[in-house]
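Here's the structure we're looking at; comments come further down.
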Amino acid sequence: MDFRDSGDEAAFRDEVRAWLAEHLTAEFAGIGGRGGPADEDAWDVRLEWERLLGKDRWLGMAWPEEYGGRNASIVEQVIFNEEYAKANAPARVSFFGEGLFAPTLIAYGTEEQKRRFLPKIQSVDELWCQGSSEPNAGSDLSNVQTRGVLDGDQWVVNGQKVWTTLAHRAHWCFAVVRTDPDAAAHRGISYLLVPMDQPGVTVRPLRQMTGTAEFNEVFFDDARTERENVLGDVNDGWKVAMATLGFERGTAFLSQQLGFQRELTDVIEVARRHGATDDGVTRQRLADAWIGVQIMKYNGLRMLSRLVRHGVIGPEASIGKLYWSTWHRRLGELAMDVLGPDSQILEGAAGDPYALDELQRIFMFSRSETIYAGASEIQKNILGERVLGLPREPR
Amino acid sequence: MDFAFSEEQEELRQTVRRFLEDKSPSSEVRRLMETTEGYDEGVWKQMAQELGLQSLHLPEAHGGQGFTFVELGIVLEEMGRVLLCAPYFSTVVLAADAIMNAGTDEEQAALLPGIASGETIAALAFTEPNGRWDAAGITMEATKQGDNYVLDGTKMFVIDGHTANLIVVVARTPGTTGEDGISFFTVEGDARGLTRTPLATMDQTRKQAKLEFSGVEAKPLGAPGEGWAALSKTLDQAAVGLSNEMVGGAQRVLDMSVEYAKVRVQFGRPIGSFQAIKHKCADMLLEVESAKSAAYYAAWAAAEDNDELPVVASLAKAYCSDAYFHAAAENIQIHGGIGFTWEHDAHLYFKRAKSSEILLGDATYHRELLAQRIGI
Ligand SMILES: Cc1cc2nc3c(=O)[nH]c(=O)nc-3n(C[C@H](O)[C@H](O)[C@H](O)COP(=O)(O)OP(=O)(O)OC[C@H]3O[C@@H](n4cnc5c(N)ncnc54)[C@H](O)[C@@H]3O)c2cc1C
């Protein structure tokens, strides 16, 4: 048990710091803290920044060197993300490509697929979106109805996806598609890679409670993709989809704790300015939030050590997902209470487009965090059944 | 960067667990909790002589083994798991740490070997009838008479105060207030003028006593009047130790709940298949795991003796107190009527959770302390 950097780790940290100090200047330095992996705030600047990250192989740092990565260890990834958060660098835009699709591709893709897709993710020439959820398949993903049928050398895809974040920005979609309607629910599914820019794909924005429209409906009407664009075996896509979900619940979020810490610092500062730190109940809530964000760090570190030792996180990842999403929701509520009536006034003038400031955004967006990447109720089922071994509910 | 126990530490855990499962089953806990002394002398001796538990984190120069708070935390967690009835927390955590923090090298050389060998049972007499855990709560005065000091006043809620043969007392110089003028003293358990009354405790597995001092002669421990820093540190270390102990109990009640939820059938299915029960268990799991993260990290900070200690001590105490009490309470609910009986162990953990929550200051107290410590 030792929380200090080893010599190598310290050297790596210095390298990251130096890179950030050199590059995080001008307009890039100005947008830190704005936006998140699933929204479009300051999009163009963030895109340009992401290209810089790709060029110097920070984007893709975990990948093997032969695919342009740095073969960075998990600890190195965490160090990078820590320094990244400390520097208040821009929110990443390639979450779906780098965070979810790439690790799945590295685990299940063929050599050709890796060579085809990874470089374009790194150069930020191709962005990805996640086509899992459908109108009748949310928590119960195995109920997907979108159909994929082979027609010669191509798949023909028909159906509808929904809540597809950044689909309107994406060049490709990794889609969970039913390719054998006669097989049992989990059996007849394939993990298809579908290009978005084609006549058979229609993207319609859905306006969220935040007023913005980062997620969409995606309609496939005879959309086409090449026969080889399937990850894993045909009809064996369920386990590939589960791997993506694993990354979404586990490693992808391991390092966001520092960002949360920064938000809490802001809330404390606002509380001070509003005189709320004199109130005993508010003091309790602030301290509780502070305890929560520290424990998030310790939980993350324990999970990390397990990952380093055993190679996998396992269903325990649900603890992390449940913990951070619940904590963040409470922080948003606390922020509004600390602001008092000020919390109810938007930045713009009456009649302007509906626009939230940073704390209001936390308050709103955090409502989605206990829903996506596995709703809290589903996480509790997973913890109960797969970690504690309680009997499954009748299905 | 590594947040995992070493192989040797895991081995220590296994050794202690096996020992305690053998020596402190529920039947023994129930036998001892009905006694006034509240511990078994034979087991206490074995703990010292066979396992070296009392000497674990004491310095080698004074008969100890020189391990750290991380190892101590492991032992405490195992003790909390089985509700061991023994004056271990009072002797090895509260009193020994006070002696190490406050005492000169000579004083340590005189006092610690007895603790290390298991001969000395020690207590820290700090709280008073006002029930406060801070400096202002200390009102007992120590009056200088020649080379000696004389203590007058009452100490309350003294863990194992009635069985200890060495009592470390905290008192203040007449005329001082707050953190000024705090001093440590030692007195023998059977000192003249000292009346010790065991108290009837809600949690029978941890004994408390009232200690009334009337003109009791006492030896100073460390520099008189300058004891606050040592006391504050002792309380932080004790909060860390107690947090680790609580984590052991919290894991045990979660295990009990899960075991029962798997086998108890109602409406034709195990109750653990109902989400109302399953999700309670999932919530407990999240809290128990988080409590572990906090307690282990705090133990590391205590081992390092770094600047983080005061903050993480309050953090761990606040979180673990809430987590343990919540888990112990849910355990009763999940067991239904059986959980409410004297015969079932659920109430023993429930009561220990409550007494631990209050000991050294409850979660509300520590959240406020933490707010101050991080500058809110
Ligand atoms: C902001 C945002 C972005 C998203 N981005 C994407 C994306 O990019 N790609 C994508 O594919 N999807 C995306 N999603 C969709 C997300 O994955 C789903 O919303 C989620 O899986 C829940 O599905 P649902 O909305 O159909 O709700 P439902 O599954 O209908 O759930 C409704 C409620 O019922 C509860 N419930 C369901 N089943 C059970 C059960 N067995 N036991 C107890 N309670 C249960 C749920 O917990 C929830 O509270 C996004 C969602 C949001 C909010």
Side-chain angles (χ1 to χ4, degrees), chain A residues 1-6 9 74-75 78-79 82 265 268 271-272 276-277 280 282-292 294-306 308-310 316 318-320 322-323 326 376-377 379-385 387-394, chain B residues 1-6 9 68 70 254-255 257-258 261-262 269-275 277-287 289-301 303-304 308 311-312 314-316 318-319 322 363-364 366-376:
Chain A
M1 198 173 291
D2 193 346
F3 297 91
R4 284 164 299 213
D5 284 344
S6 68
E9 289 164 2
I74 292 157
V75 173
V78 168
I79 289 174
E82 279 179 6
T265 307
I268 292 173
R272 230 179 240 127
T277 45
T282 303
R283 295 177 67 77
Q284 287 285 315
R285 289 175 71 191
L286 289 170
D288 193 50
W290 201 89
I291 290 170
Q294 289 306 116
I295 287 181
M296 203 187 297
K297 172 166 125 192
Y298 309 150
N299 278 345
L301 287 169
R302 269 178 79 214
M303 195 118 81
L304 181 70
S305 293
R306 220 173 295 159
V308 169
R309 285 191 185 201
H310 308 295
E316 285 84 0
S318 290
I319 293 177
L322 190 55
Y323 192 102
T326 310
S376 296
E377 292 75 14
Q379 306 295 356
K380 290 185 188 185
N381 284 348
I382 293 172
L383 290 175
E385 292 171 14
V387 178
L388 296 174
L390 290 168
R392 291 166 65 110
E393 54 190 304
Chain B
M1 210 176 340
D2 179 30
F3 195 168
F5 293 108
S6 68
Q9 288 165 341
T68 73
V70 175
L254 170 59
D255 292 345
S257 291
V258 170
K262 284 179 186 170
R269 42 194 269 221
I271 58 168
S273 69
F274 294 109
Q275 284 191 1
I277 299 294
K278 182 178 294 172
H279 288 189
K280 268 188 202 301
C281 292
D283 287 334
M284 287 160 78
L285 172 69
L286 178 140
E287 289 174 18
E289 285 300 316
S290 300
K292 281 184 186 173
S293 297
Y296 298 165
Y297 187 88
W300 179 77
E304 291 288 306
E308 271 192 284
V311 165
V312 295
S314 281
L315 180 161
Y319 192 88
D322 282 347
T364 306
H366 277 281
R367 277 190 293 266
E368 174 54 36
L369 200 54
L370 178 110
Q372 291 169 20
R373 286 171 166 181
I374 62 172
I376 297 179

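Letters A, B, ... are given to chains in the order of the sequence lines, protein chains preceding strands, and every chain is numbered from 1. From a predicted model like this one, the values you see are computed outputs, not experimental measurements. In what follows, every heavy atom counts, from backbone to side chain, and hydrogens, waters and symmetry copies are set aside.
Contact of the B:D2 side chain with the A:M1 side chain is not registered, since no non-hydrogen atoms from C-beta on lie closer than 4.5 Å. Counting only heavy atoms from C-beta outward, the side chains of B:Y319 and A:D288 never approach each other to under 4.5 Å. The closest side-chain heavy-atom distance from B:F3 to A:L304 is not below 4.5 Å. A:K380 has its side chain out of reach of B:K278: every pair of non-hydrogen atoms, C-beta onward, lies at least 4.5 Å apart. The closest side-chain heavy-atom distance from B:R367 to A:R283 is not below 4.5 Å.
Under a 3.5 Å cut-off, the side chain of A:R302 and the backbone N or O of B:E289 do form a donor-acceptor pair. The main-chain N or O of B:T364 is found under 3.5 Å from a side-chain atom of A:Q284 such that the two form a donor-acceptor pair.
A:L390 and B:C281 make their closest contact through CD1-CB, 3.9 Å (heavy atoms, listed as atom of the first residue, atom of the second, distance). In terms of heavy-atom proximity, A:R309 sits nearest to B:F5 at NH1-O, 3.5 Å. Here the closest non-hydrogen pair linking A:I295 and B:L315 is CG1-CD2, 4.0 Å. Contact between B:A294 and A:Y298 at its shortest, heavy atoms only, is CA-CD1, 3.9 Å. Among all heavy-atom pairs drawn from A:G384 and B:A282, the shortest one is N-CB, 4.4 Å. Closest heavy-atom contact between A:L388 and B:V258: O-CG1, 3.5 Å.
If you measure heavy-atom distances from B:K292 to chain A, the contacts under 4.5 Å come from both the backbone and the side chain. Neither the backbone nor the side chain of B:D255 comes within less than 4.5 Å of any heavy atom of chain A. Of the atoms belonging to B:A371, heavy atoms from both backbone and side chain fall under 4.5 Å from chain A. With a threshold of 4.5 angstrom between heavy atoms, A:E316 does not approach chain B through any atom at all. For A:V308, no part sits under 4.5 Å from any heavy atom of chain B, backbone or side chain. Looking at B:S290, the atoms closer than 4.5 Å to chain A (heavy atoms on both sides) sit in the backbone and in the side chain alike. Of the atoms belonging to B:Y296, heavy atoms from both backbone and side chain fall under 4.5 Å from chain A. If you measure heavy-atom distances from A:I268 to chain B, the contacts under 4.5 Å come from the side chain alone. Contact of B:I277 with chain A is not made at all, since no heavy-atom distance falls under 4.5 Å. If you measure heavy-atom distances from B:L370 to chain A, the contacts under 4.5 Å come from the side chain alone. For A:I79, the part lying under 4.5 angstrom from a heavy atom of chain B is the side chain only. Interface residue A:E9: only side-chain heavy atoms are found under 4.5 Å from chain B. Both the backbone and the side chain of B:Q372 come within contact range of chain A, each with at least one heavy atom under 4.5 Å from a heavy atom of that chain. In this structure, chain B has a heavy atom under 4.5 Å from the backbone of A:R392, while its side chain stays farther away.
Atom CG of A:L301 sits about 8.5 Å away from atom OG of B:S293, to the nearest 0.5 Å. Interatomic distance, A:L286 CG to B:I374 CD1, rounded to the nearest 0.5 Å: 8.0 Å. Expressed to the nearest 0.5 Å, how far CG of A:L383 lies from CG of B:D283 amounts to 9.0 Å. Within the model, atoms OH of B:Y297 and CD of A:Q294 stand 7.5 Å from one another, a figure rounded to the nearest 0.5 Å.
When A:I319, A:D5, A:T326, A:D2 are compared by the number of non-hydrogen pairs under 4.5 Å with chain B, A:D2 comes out ahead.
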